[in-house]
Asker: 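After the structure tokens below, expect a handful of questions from me.
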Amino acid sequence: MADGQLFKPEKDYTKEADKQIPEAQELAKSNVQAALEKLSVLEKQARQASDLASTSRLLVAIITISKDSGDWSLLNEQILLLSKKHGQLKQATTKMVQVAMLFITEASDQEKKLSLIETLRTVTEGKIFVEVERARVTRILSDMKKEQGDLNAAADILCELQVETFGSMHRREKTEFILEQVALCIEKGDWTQAGILSRKIGIKYFSRKPKRTPEQIEKDKKEREEKEKNRSIDDPPLESEDDVTDLKLRYYEQQITLAKHEDKYLDACKHYRQVLDTESVEETPEQLHAVLQRVIYYILLAPHDNEQSDLLHRINADTRNSLVPEEKELLNTFTIPELMRWPIVSGRFGPHLCSTDVFSASPDQQDPKAHTRWQDLRKRVIEHNVRVIAKYYTRIQMHRLTQLLDLDEEETESYISSLVTAKTVYAKIDRPARVVTFAKTRDADEVLSEWSGSMKSLLGLLERIDHLITKEEMMARIQPDTAVKAH
């Protein structure tokens, strides 16, 4: 029994507890110390007899009498003393800590609250069977520090908890803890730590569940009740089937904030698409409209690559884009291999885009990133135009290229160089001749290989034509014989 394990009670002290607890409570009105000593004797007997129910009641009674006396230092002393008793039962200690946590809200000032919280944190430190209670107490302490304006201390206190390893904590509560940790790190400006913590949450938990029939709901309910009956004390609690939409929206809001901070536009677009795949958002026209807009904005801002191009065309095929006609029109222009003149694009779509919080044509004090995103949109339009020109031209004069791109020579060279570096296009600039070549020079092997392929294709077509002619000749020979037989 020395390690707090639960054995079959050797004796039942329920009757003694029923008698002595009210007597001690009455005695405490005149002599608190005598009341505590009286209960301590019975607590020792119940503990040594492994009577869990009576031990739990006596521990709660002792700390309640200490609290009611108004002496909070006595309460802290009794909690520490009772938790260190030889062979103290784990479940009894857990019950005592849970009741003591309720006293935090009853403390009249901050000093008493902090002293009780520190006592509970000391008692629960390193003990797996009260890890959930320790986490909750730590969260209360973190909230108090946050209210006092000490964000750094609040974040450090809460982030020391590794709640993802707590087997006895429900998944929803774990997720809430981690989301709170991430939120504090973002507020304090620790973006690296926020990104690390957010990866502890599995996004499968937020996946949209198919709608179930009433029969399925009833069947699942019965199965859960059966599992709950057969679950032992040491088994982790069963996961409840709560609606996690609020957690999902909080999680993706944080992920979008992180992506925006690091200018990861493609990630922001993906996160907005996950928000779009939420029933509450789909059923709210205002939210649906705003999310659809941002899905389109951030896919257009993302640098061009195979993944971005594929996602761009999939978003363009979404029928819900008709709810945002201007964004749909802008998106469609990026899918067509035609030039987009930036002065025309900014004049046509600029006022509407800058009316949102995503873009700003001039530096904005509230959101400096908004102007950066407007400049990035201009870059994407120019890069689109370079890709279109590379598709239709093999060689082009530099002055003509600058006219088509509405840029000066220095900017034109800069954009072409960046696209060549990213291996989006192939290009060579001949500065003395002022010519840009987009066609890749091929060696003799490549030319010969292409010629060989073309000849093979040509011979294949000739062979098919020969087969079709032979077939027609055979049909022509058969038809006259058929006509003679008919006469």
Side-chain angles (χ1 to χ4, degrees), residues 1-6 13 17 20-29 31-145 157-158 160-161 166 168-169:
M1 194 176 68
D3 61 351
Q5 285 184 331
L6 183 63
Y13 284 89
Q20 293 193 26
I21 289 174
E23 291 176 357
Q25 289 172 342
E26 189 65 31
L27 179 60
K29 294 177 182 177
N31 190 341
V32 175
Q33 202 61 42
L36 294 178
E37 288 175 2
K38 183 175 184 178
L39 290 180
S40 296
V41 173
L42 183 59
E43 182 273 330
K44 180 178 180 181
Q45 294 172 348
R47 169 165 41 88
Q48 290 177 342
S50 299
D51 185 359
L52 174 62
S54 299
T55 306
S56 300
R57 287 178 60 196
L58 289 163
L59 292 183
V60 170
I62 291 170
I63 64 171
T64 304
I65 289 171
S66 302
K67 187 264 298 183
D68 291 340
S69 70
D71 187 351
W72 289 81
S73 61
L74 176 63
L75 171 63
N76 296 331
E77 180 187 329
Q78 288 297 323
I79 292 172
L80 287 169
L81 184 66
L82 292 170
S83 66
K84 292 177 181 178
K85 291 280 188 181
H86 176 69
Q88 188 60 272
L89 304 177
K90 291 180 180 178
Q91 288 88 340
T93 304
T94 304
K95 182 65 178 175
M96 179 185 70
V97 171
Q98 289 172 347
V99 173
M101 285 171 62
L102 302 175
F103 298 161
I104 296 173
T105 55
E106 299 179 26
S108 57
D109 56 53
Q110 292 289 98
E111 187 179 346
K112 290 177 181 177
K113 283 184 180 180
L114 286 172
S115 65
L116 179 55
I117 287 171
E118 288 303 327
T119 300
L120 291 173
R121 277 166 55 83
T122 303
V123 167
T124 55
E125 187 175 5
K127 296 174 182 174
I128 295 175
F129 59 92
V130 282
E131 61 186 3
V132 175
E133 285 72 21
R134 177 178 174 78
R136 290 169 183 164
V137 169
T138 304
R139 189 175 183 180
I140 294 170
L141 179 60
S142 175
D143 290 340
M144 289 173 64
K145 294 291 183 183
I157 289 167
L158 197 63
E160 74 181 18
L161 295 172
F166 292 1
S168 54
M169 184 182 282

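These figures come from a predicted structure and were not determined experimentally.
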Asker: How many angstroms lie between atom CE of M96 and atom CG of L82, to the nearest 0.5 angstrom?
Answerer: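 Rounded to the nearest 0.5 Å, the CE-CG separation comes out at 5.5 Å.
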Asker: Would V41 and E37 count as a side-chain contact (heavy atoms from CB on, under 4.5 Å) if you check the C-alpha gap in whole Å, the side-chain angles of each, and the deciding distance to 0.1 Å?
Answerer: CA-CA 6 Å; V41 173; E37 288 175 2; 5.8 Å; no
Asker: Out of curiosity, Q25 CD to T64 OG1, how far, rounded to the nearest 0.5 Å?
Answerer: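 Those atoms lie 7.5 Å apart.
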Asker: List the steps, then state whether side-chain contact (heavy atoms from CB on, under 4.5 Å) holds for V99 with I63.
Answerer: CA-CA 9 Å; V99 173; I63 64 171; 4.1 Å; yes
Asker: Could you tell me the separation between the CZ atom of R57 and the CG atom of D51, rounded to the nearest 0.5 Å?
Answerer: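 With rounding to 0.5 Å, CZ (R57) is 9.5 Å from CG (D51).
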Asker: Is it the case that over 12 heavy atoms from other parts of the model lie below 6.0 angstrom from the NZ atom of K38?
Answerer: yes
Asker: For L52 versus L89, what's the shortest heavy-atom pair and its separation?
Answerer: CA-CD1, 3.6 Å
Asker: Are I104 and L120 packed together at the side-chain level, in the sense that at least one heavy-atom pair is separated by less than 4.5 angstrom?
Answerer: yes
Asker: Would you please test S56 and Q91 for side-chain hydrogen bond (donor to acceptor under 3.5 Å, both in side chains) and show each step?
Answerer: CA-CA 8 Å; S56 300; Q91 288 88 340; over 6 Å; no
Asker: Would you find more than 12 non-hydrogen atoms of other residues, nucleotides or ligands less than 6.0 Å from L81 atom CG?
Answerer: yes
Asker: Grab the two heavy atoms, one from T55 and one from A92, that are nearest each other, plus how far apart they are.
Answerer: CG2-CB, 3.9 Å
Asker: Would you say V32 and D71 make side-chain contact, with heavy atoms under 4.5 Å?
Answerer: no
Asker: If only atom types and distance count, is the side chain of N31 paired as donor or acceptor with the main-chain N or O of L27 below 3.5 Å?
Answerer: no
Asker: Nearest 0.5 angstrom please: S73 OG to L116 CG, how far?
Answerer: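 One gets 12.0 Å once the value is rounded to the nearest 0.5 Å.
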Asker: Any side-chain to backbone donor/acceptor pair from R47 onto H86? Under 3.5 Å, distance only.
Answerer: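 Judged by distance alone, yes, a pair lies under 3.5 Å.
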Asker: Taking all heavy atoms of Q88 and all of S83, pick out the closest pair and write down the distance.
Answerer: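 Reported closest heavy-atom pair: CB-O, 4.4 Å.
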Asker: Just by distance, do the side chain of Q20 and the backbone of L39 share a donor-acceptor pair under 3.5 Å?
Answerer: no
Asker: Shortest non-hydrogen contact from E160 to I157?
Answerer: CG-O, 3.0 Å
Asker: Enter the distance from I117:CD1 to I140:CD1 here, rounded to the nearest 0.5 Å.
Answerer: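 Result: 6.0 Å between the selected atoms.
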Asker: Identify the two heavy atoms, one from T93 and one from L59, that lie closest to each other, and give their separation to 0.1 Å.
Answerer: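 Closest pair (atom of T93, atom of L59, distance): N-CD1, 4.3 Å.
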Asker: Can any side-chain N or O of S142 pair as donor or acceptor with the backbone N or O of T138 at less than 3.5 Å?
Answerer: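 Judged by distance alone, no pair lies under 3.5 Å.
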Asker: Show your reasoning for whether side-chain contact (heavy atoms from CB on, under 4.5 Å) applies to L36 and L74.
Answerer: CA-CA 11 Å; L36 294 178; L74 176 63; 3.9 Å; yes
Asker: Could you tell me whether the side chain of L158 reaches within less than 4.5 Å of the side chain of R139, counting heavy atoms only?
Answerer: yes
Asker: Identify the two heavy atoms, one from A46 and one from Y13, that lie closest to each other, and give their separation to 0.1 Å.
Answerer: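 Minimum heavy-atom contact is CA-CD1, 3.8 Å.
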Asker: Check whether the side chains of E133 and T94 place a donor and an acceptor atom closer than 3.5 Å, and report yes or no.
Answerer: no
Asker: Out of curiosity, L58 CG to I21 CD1, how far, rounded to the nearest 0.5 Å?
Answerer: 4.5 Å
Asker: With side chain to side chain donor-acceptor pair (under 3.5 Å) as the test, pick out the partner of S108 among E106, Q110, K112.
Answerer: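 The passing option is K112.
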Asker: Would you please name every residue forming a side-chain hydrogen bond (donor to acceptor under 3.5 Å, both in side chains) with K95, sequence neighbours left out?
Answerer: none
